[in-house]
Amino acid sequence: MLNADLPEPRPSLTNPGLIARAVAHLGQGAGSSADVWRKLTDSYAVDLDAVAALLPCAEPEPLWLTVRAGQRRRG
């Protein structure tokens, strides 16, 4: 995690289109979504919710959620 008292402020990315382009560019050389996230937040001040909406979810929903939802419909 970066120190909040940076000697030089990072450029801000607030436009969703620009964030998407930055994520696509950084994703070309990254091994995972975590690498893209780290590179992006190391280089820019961004809306983290906007970035999270662009990156794929790393973990699928647990299997038990599907099973439980099916039980409620029958019950």
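Owing to the predicted nature of the structure, the values given are computational and were not obtained by experimental measurement.
- Nearest heavy-atom pair, Leu40 versus Ala22, reported as atom, atom and distance to 0.1 Å: CD1-CB, 3.9 Å.
- Considering all non-hydrogen atoms of both residues, Leu48 and Thr41 come closest at CD2-CG2, 3.8 Å.
- Scored by the side-chain contact (heavy atoms from CB on, under 4.5 Å) test, Ala30 finds Asp35, Val36, Lys39 as partners (sequence neighbours excluded).
- Atom OG of residue Ser12 and atom CG of residue Leu18 lie 11.5 Å apart, to the nearest 0.5 angstrom.
- Here the CG-CH2 distance, from Asp42 to Trp37, works out to 12.0 Å after rounding to the nearest 0.5 Å.
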Might you work through the side-chain contact (heavy atoms from CB on, under 4.5 Å) test for Asp47 and Thr14, ending with a clear yes or no?
CA-CA 6 Å; Asp47 177 358; Thr14 56; over 6 Å; no
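- In this structure, the separation between CZ on Arg38 and OG on Ser32 is 8.5 Å, given to the nearest 0.5 Å.
- A distance of 9.5 Å separates OG of Ser43 from CG of Leu13, quoted to the nearest 0.5 Å.
- In this view, Arg21 satisfies the salt bridge (charged side-chain N to carboxylate O under 4.0 Å, His left out) rule with no residue, not counting sequence neighbours.
- A distance of 6.5 Å separates OH in Tyr44 from CG in Leu26, rounded to the nearest 0.5 Å.
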